[in-house]
*Asks:* 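The structure is given below, and queries will be raised subsequently.
The chains referred to below are lettered A, B, ... by the order of the sequence lines, with proteins before strands, and numbering in each begins at 1. Reckoned from all heavy atoms, side chains included, excluding hydrogens, waters and symmetry mates.
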Amino acid sequence: MSDSPKPVNFIRQIIDDDIKAGRHQAIVTRFPPEPNGYLHIGHCKAIWLNFGIKDDYGGRCTLRFDDTNPLRESQKYASRIEEDIRWLGYEWSSLAHASDYFDQFYEYAVHLIKNALAYVDSQSGDEIRRQRGTLTEPGMNSPYRDRGIEENLSLFQAMRDGEFEDGEHVLRAKIDMQASNINLRDPVLYRIRHHAHQRTGDKWCIYPMYDFAHGQGDAIEGVTHSLCTLEFEDHRALYDWLIEHLPVPSTPRQIEFSRLNLNYTVMSKRLLTQLVDLGHVAGWDDPRMPTISGLRRRGYTPESLRNFIASVGITRKPNVIEMGLLEKCIRDDLDPKAPRVMAVLRPLKVVIENYPESETELIEVPSHPQRPEIGCRQLTFSREIFIERSDYEDDPPKGYFRLAPGREVRLRHAYVIRCKEVVRDARGEPVEIRCDYDPETAGGQTPDGRKVKGIIHWVSASHAVNAEVRLYDRLFSVADPLGARKHDYLDALNPDSLQCLKDCKLEMGLGQADPQTRYQFERVGYFFQDSASRQDALVFNRIVSLRDTWTRKSQYSSN
RNA sequence: UGGGGUGUAGCCAAGCGGUCUAAGGCACCGGAUUCUGAUUCCGGCAUUCGGAGGUUCGAAUCCUCCCACCCCAGCCA
């Protein structure tokens, strides 16, 4: 799956060099999520990288669930992850689980013990932590560090056989408690957990740690390039140590890259879980969430997400990408293919006084201004229509060329109308505009050559289809929600991130709207039907607004 | 103050000692076209590469020192 020119980045350069040097027959990568949550757009980067390399180099990429901690994982998450990857347009060469290798991992552990490279530590977690030292002080050896091989072997066997409670013992690698890299200070390899595993059931009561599973899983699968994010940098020494001291079938290489950060949102699984649990969003697939399922429900396309990642690139530099780039990517993807349609979100009634009461006319118009092959649709014009509330101003600011008292505006694909009179409610708010239309101005014509700059969208009042429209905005109102006060990131939540508009007026054709189609509501934005939308109760989500230089400019001058 | 990293425009990012008075994208600012204030188009936007020294005929690219920021002390991944 490639979207355009082959990407260039430092990882692909390494791979190119490896191929040139004849180091590998085939390039093998893997995408290794833990099935304990939903995938988010940050994962897209890893997916795009790993699967993209597979596709471009004719290699393999396995989807491997790193399911080494039965306490927090479930099959439900695994299924959603598979669904999301497929939706993004990728297919794994094979599906695997770290748990598939539990027997092998156990053998590897025994191998280390037999070579005096691992020992069973019988201290408590607290004791082990205390002895680990600190960032600046070295650690101390455990009193159990020099247990004999036979004793270690039988203790480890007993751990496996369930003879101990959780936490009574752990298996540790015997490396160097003085190491400046804390990961090398006799890291824990196995811990006891009397907890059923979603795949292996009660077979095991000891489970390998990430460090003891990841590299070995890579080696078993023949992974050549094990790509992960920067926070595992310090683990590489341990990764390499294990590969070196174990009889593994291949020697994978770990390469780290920086993770994706987006402004105006949060990306950590922990925080996203909290937003869901606290009810700040409607679920993992709430269209405001940066999860794949949220973006999908919002209406983002797989192409736009892939293009987004491609344009961001892969480096080792910590980064924060602007939300605007993501928005630009979905607009670029949708602009050439989204059928245009007219929809009035905040209706204001307009009565065209000189248009006959009983008359209506059908206007056939193209569904795309630049691409006739997308087809045509029919609009109905009549005496009473709705226009957007914001397309009328009592006292228009400089440069406003929509409707105002005495002014003319063109109704898109229809006639020019002139505002004659405004009917107001008790509070003085306009509730109805009385206009005249110029019958000579059909089809974009102005026979007398007069310029009518403003063009607004409209919908025939009696032919409109009602719908609920949900307008989404950024989840947080500050660019960096975790910036100043890490504890109160919830205070930075944008109170207006969701606006539900009921009784919006859509052009009649939308009564048969295709649920798979992303539409452009002209002059407003791109919209996609929500998963809860039904033919008799339409719900549209705003994917993204159109670029809008007018409101920006007018806000400027009014400030 | 231990170790590992990273620093090129507001945000990304090419660049790998000479073709760099530094690609490209986003954002921004013009201007043209337009029945979407959209799209498209055209133009502008770093004499400078975290800083200071040094090596070299020549440095963003090599060396030294300094500064800033990120990650690491789970029986999480």
*Asks:* Are A/Phe212 and A/Tyr190 an aromatic pair by the rule of ring centers under 6.0 Å?
*Replies:*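 When the ring centroids of A/Phe212 and A/Tyr190 are compared, they turn out to be within the sub-6.0 Å range.
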
*Asks:* Side chain of A/Pro369, heavy atoms from C-beta onward: which of B/C72, B/U36, B/C35 has the nearest atom to it?
*Replies:*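 Per side-chain heavy atoms of A/Pro369, the pick is B/U36.
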
*Asks:* Using ring centroids (six-membered ring only for Trp), state whether A/Phe476 and A/Tyr264 fall under 6.0 Å.
*Replies:*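 A/Tyr264 vs A/Phe476: aromatic centres not under 6.0 Å.
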
*Asks:* Measuring only the C1' atom in each nucleotide, how far is B/A14 from B/A9? A whole number of Å is fine.
*Replies:*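 It comes out at 14 Å once rounded to the nearest Å.
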
*Asks:* Contact class for A/Thr549 vs. all strands (heavy atom < 4.0 Å): base, sugar-phosphate, or nothing?
*Replies:*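 A/Thr549: backbone/sugar contact only, no base atoms under 4.0 Å.
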
*Asks:* Need the pair for B/C11. Rule: Watson-Crick or G-U wobble, both distances under 3.5 Å, any strand; none if unpaired.
*Replies:*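 Pairing partner: B/G25.
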
*Asks:* What string of B, S and - do you get for nucleotides 11-17 of chain B, 5' to 3', when a contact is any protein heavy atom under 4.0 Å?
*Replies:* SSSSSB-

*Asks:* What form does the base of B/G74 take, syn (within 90° of 0) or anti?
*Replies:*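 The base of B/G74 is oriented syn (glycosidic angle within 90° of 0).
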
*Asks:* Separation of A/Arg129 atom CZ from B/C76 atom C1', in whole Å?
*Replies:*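 Between C1' of B/C76 and CZ of A/Arg129: 13 Å.
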
*Asks:* Using a heavy-atom cut-off of 4.0 Å across all strands, would you classify A/Gly399 as base, sugar-phosphate, or nothing?
*Replies:*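 Here A/Gly399 touches the bases of the nucleic acid.
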
*Asks:* May I ask you to decide whether A/Glu327 forms a salt bridge with A/Arg474, counting only side-chain N to carboxylate O separations under 4.0 Å?
*Replies:*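 Here A/Glu327 pairs with A/Arg474 in a salt bridge, since their nearest N and O are under 4.0 Å apart.
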
*Asks:* Over all strands shown, is A/Arg412 touching base, sugar-phosphate only, or nothing at heavy-atom distances under 4.0 angstrom?
*Replies:*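 Base contact - A/Arg412 has a heavy atom under 4.0 Å of at least one base atom.
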
*Asks:* Is it true that A/Glu364 and A/Arg377 make a salt bridge, defined as a side-chain N closer than 4.0 Å to a carboxylate O?
*Replies:*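 Judged by the 4.0 Å cut-off on N to carboxylate O distance, A/Glu364 and A/Arg377 do not form a salt bridge.
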
*Asks:* Are the charged groups of A/Arg523 and A/Glu388 less than 4.0 angstrom apart, N to O?
*Replies:*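 Salt bridge flag = no for A/Glu388 with A/Arg523.
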
*Asks:* How far, in whole Å, is B/A23 from B/C45 if one measures between their P atoms?
*Replies:*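 My reading of the P atoms in B/C45 and B/A23 gives 11 Å.
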
*Asks:* Tell me, with the steps shown, if A/Ile330 and A/Leu305 meet side-chain contact (heavy atoms from CB on, under 4.5 Å).
*Replies:* CA-CA 8 Å; A/Ile330 185 61; A/Leu305 262 25; over 6 Å; no

*Asks:* Within the structure shown, what part of the strands sits under 4.0 Å from A/Ile192 by heavy-atom distance: base, sugar-phosphate, or nothing?
*Replies:*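 Nothing, no heavy atom under 4.0 Å.
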
*Asks:* Pick the P atom in B/A52 and in B/U61, then give their distance to the nearest Å.
*Replies:*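 It comes out at 12 Å once rounded to the nearest Å.
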
*Asks:* Among B/A77, B/C35, B/G3, which nucleotide has an atom closest to any side-chain atom of A/Asp234?
*Replies:*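 Nearest to the side chain of A/Asp234 among the choices is B/G3.
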
*Asks:* For A/Tyr400, which contact category applies under a 4.0 Å heavy-atom criterion: base, sugar-phosphate, or nothing?
*Replies:*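 It contacts base atoms.
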
*Asks:* Name the closest nucleotide to the A/Arg132 side chain, picking from B/A73, B/A27, B/G3.
*Replies:*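 When the side chain of A/Arg132 is considered, B/A73 is the closest of B/A73, B/A27, B/G3.
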
*Asks:* Would you verify whether the NZ or CZ of A/Arg160 falls within 45 degrees of the ring axis of A/Tyr106 while also being under 6.0 Å from that six-membered ring's centre?
*Replies:*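 Satisfied, under 6.0 Å and within 45°.
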
*Asks:* Measuring from the side chain of A/Arg193 (C-beta onward, heavy atoms only), which nucleotide among B/A77, B/C35, B/C75 has the closest atom?
*Replies:*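 Out of B/A77, B/C35, B/C75, the nucleotide with an atom closest to A/Arg193's side chain is B/C75.
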
*Asks:* Which part of the nucleic acid, if any, lies within reach of A/Phe401 when heavy atoms closer than 4.0 Å are counted: base, sugar-phosphate only, or nothing?
*Replies:*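 Counting heavy atoms under 4.0 Å across all strands, the contact made by A/Phe401 includes a base.
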
*Asks:* Taking the P atom in each of B/G25 and B/C72, what is the distance between them to the nearest angstrom?
*Replies:*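 Approximately 36 Å lies between the P atom of B/G25 and that of B/C72.
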
*Asks:* Quick one: do A/Asp18 and A/Arg12 make a salt bridge, cutoff under 4.0 Å?
*Replies:*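 The answer is no: the pair does not qualify as a salt bridge.
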
*Asks:* Select one nucleotide: of B/A73, B/C72, B/U36, the one nearest the side-chain heavy atoms of A/Thr134.
*Replies:*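 In terms of side-chain proximity for A/Thr134, the closest of B/A73, B/C72, B/U36 is B/A73.
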
*Asks:* Are the aromatic rings of A/His197 and A/Phe102 close, with centres under 6.0 Å apart?
*Replies:*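 Yes, they do, as the ring centres are separated by less than 6.0 Å.
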
*Asks:* In this structure, is the centre-to-centre distance between the rings of A/Phe10 and A/Phe257 below 6.0 Å?
*Replies:*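 Between A/Phe257 and A/Phe10, the centre distance exceeds or equals 6.0 Å.
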
*Asks:* What nucleotide, of B/G74, B/C29, B/C71, holds the atom closest to the side chain of A/Glu231?
*Replies:*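 Closest of the options to the side chain of A/Glu231: B/C71.
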
*Asks:* With both distances under 3.5 Å as the test, what is the Watson-Crick or G-U wobble partner of B/G2?
*Replies:*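 B/G2 is paired, partner B/C72.
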
*Asks:* Are A/Phe232 and A/Tyr239 close enough that their ring centers fall under 6.0 Å?
*Replies:*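 No.
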
*Asks:* Could you tell me the separation between the CG atom of A/Leu189 and the CZ atom of A/Phe156, rounded to the nearest 0.5 Å?
*Replies:*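 The CZ atom of A/Phe156 is 8.0 Å from CG of A/Leu189, to the nearest 0.5 Å.
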
*Asks:* From CG of A/Leu230 over to C1' of B/G7, roughly how many Å is that when rounded to an integer?
*Replies:*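 Rounding to the nearest Å, CG of A/Leu230 and C1' of B/G7 are 13 Å apart.
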
*Asks:* Mind checking if A/Met209 touches a base, just sugar-phosphate, or nothing, with heavy atoms under 4.0 Å?
*Replies:*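 The answer is sugar-phosphate, as A/Met209 gets under 4.0 Å only of primed atoms, P, OP1 or OP2.
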
*Asks:* Determine the contact category for A/His169: base if any of its heavy atoms lies under 4.0 Å from a base atom, sugar-phosphate if only primed atoms, P, OP1 or OP2 are that close, otherwise nothing.
*Replies:*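 Here A/His169 touches no strand at all.
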
*Asks:* Hey, can you pull the residues of residues 442-450 of chain A with a non-hydrogen atom under 4.0 angstrom from RNA chain B?
*Replies:*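 Residues of residues 442-450 of chain A that come under 4.0 Å of RNA chain B are, in numerical order, A/Gly443, A/Gly444.
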
*Asks:* When the C1' atoms of B/A22 and B/C16 are compared, how many Å lie between them, rounded to an integer?
*Replies:*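 Rounded to whole Å, the distance is 14 Å.
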
*Asks:* Using the ring centroid of each side chain, check whether A/Tyr77 and A/Phe65 are separated by less than 6.0 Å.
*Replies:*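 No, ring centres 6.0 Å or more apart.
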
*Asks:* Base, sugar-phosphate, or nothing for A/Val170, non-hydrogen atoms under 4.0 angstrom?
*Replies:*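 Result for A/Val170 = base.
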
*Asks:* Mind checking A/Phe232 for me? I need base, sugar-phosphate or nothing, with any heavy atom below 4.0 Å counting as a touch.
*Replies:*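 Base contact.
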
*Asks:* Which whole-number value in Å describes the distance from A/Asp335 CG to B/U40 P?
*Replies:*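 Rounding to the nearest Å, CG of A/Asp335 and P of B/U40 are 6 Å apart.
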
*Asks:* Taking atom C1' of B/A38 as reference, at what distance in whole Å does atom CZ of A/Arg552 sit?
*Replies:*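 Nearest whole value for this atom pair: 12 Å.
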
*Asks:* Taking CG from A/Leu411 and C1' from B/C35, how many angstroms apart are they, rounded to a whole number?
*Replies:*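 Between C1' of B/C35 and CG of A/Leu411: 11 Å.
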
*Asks:* Does the structure show A/Trp550 stacking with B/G37, if we require the centres to be closer than 5.5 Å and the planes to be within less than 30 degrees of parallel?
*Replies:*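 Stacked: centres under 5.5 Å apart, planes under 30°.
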
*Asks:* Please report the distance, rounded to the nearest Å, between CD in A/Gln178 and P in B/G3.
*Replies:*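 Value for this atom pair: 15 Å.
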
*Asks:* Please report the distance, rounded to the nearest Å, between CD in A/Glu522 and P in B/U39.
*Replies:*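 Going from CD in A/Glu522 over to P in B/U39 covers 13 Å.
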
*Asks:* With rounding to whole Å, what would you report as the distance between B/A27 and B/C11 at their C1' atoms?
*Replies:*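 Approximately 7 Å lies between the C1' atom of B/A27 and that of B/C11.
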
*Asks:* Determine whether A/Arg147 and A/Asp121 satisfy the following criterion, salt bridge (charged side-chain N to carboxylate O under 4.0 Å, His left out), listing intermediate values before the conclusion.
*Replies:* CA-CA 9 Å; A/Arg147 264 218 265 239; A/Asp121 196 335; 5.8 Å; no

*Asks:* Work out how far the C1' atom of B/C66 is from that of B/U56, and round it to whole angstrom.
*Replies:*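 Each nucleotide's C1' atom is 23 Å from the other's.
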
*Asks:* Measure the distance from CG on A/Leu546 to P on B/U36 and round it to the nearest whole Å.
*Replies:*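 So the CG-P distance, A/Leu546 to B/U36, works out to 12 Å.
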
*Asks:* I need the residues from residues 120-127 of chain A with at least one non-hydrogen atom less than 4.0 Å from RNA chain B; give them sorted by number, or say none.
*Replies:*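 When residues 120-127 of chain A is checked for heavy atoms under 4.0 Å from RNA chain B, the hits, listed by number, are A/Gln123, A/Ser124, A/Gly125.
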
*Asks:* Can you tell me the pairing partner of B/A32 across any strand shown, Watson-Crick or G-U wobble, with both distances under 3.5 angstrom?
*Replies:*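 B/U40 is the nucleotide pairing with B/A32.
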
*Asks:* Which whole number of Å gives the distance between the C1' atom of B/G2 and that of B/A46?
*Replies:*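 Here B/G2 and B/A46 have their C1' atoms 38 Å from each other.
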
*Asks:* Counting only side-chain heavy atoms from C-beta out, which of B/G3, B/C75, B/U39 sits nearest to A/Ser180?
*Replies:*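 Looking only at heavy atoms from C-beta outward on A/Ser180, the closest nucleotide is B/G3.
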
*Asks:* Would a line drawn from the ring center of A/Phe381 to the ring center of A/Tyr415 be shorter than 6.0 Å?
*Replies:*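 Yes: the rings meet the under 6.0 Å criterion.
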
*Asks:* Select one nucleotide: of B/U36, B/U39, B/A73, the one nearest the side-chain heavy atoms of A/Arg547.
*Replies:*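 The answer is B/U39, which lies nearest to the side chain.
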
*Asks:* In the strands shown, is B/G53 matched to any nucleotide by a Watson-Crick or G-U wobble pair with both distances under 3.5 Å, and which?
*Replies:*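 When the pairing criteria are applied, B/C63 turns out to be the nucleotide that pairs with B/G53.
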
*Asks:* Nearest of B/A77, B/C75, B/C35 to any side-chain atom of A/Ile455?
*Replies:*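 Nearest nucleotide to the side chain: B/C35.
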
*Asks:* Which part of the nucleic acid, if any, lies within reach of A/Glu256 when heavy atoms closer than 4.0 Å are counted: base, sugar-phosphate only, or nothing?
*Replies:*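 Contact class for A/Glu256: none.
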
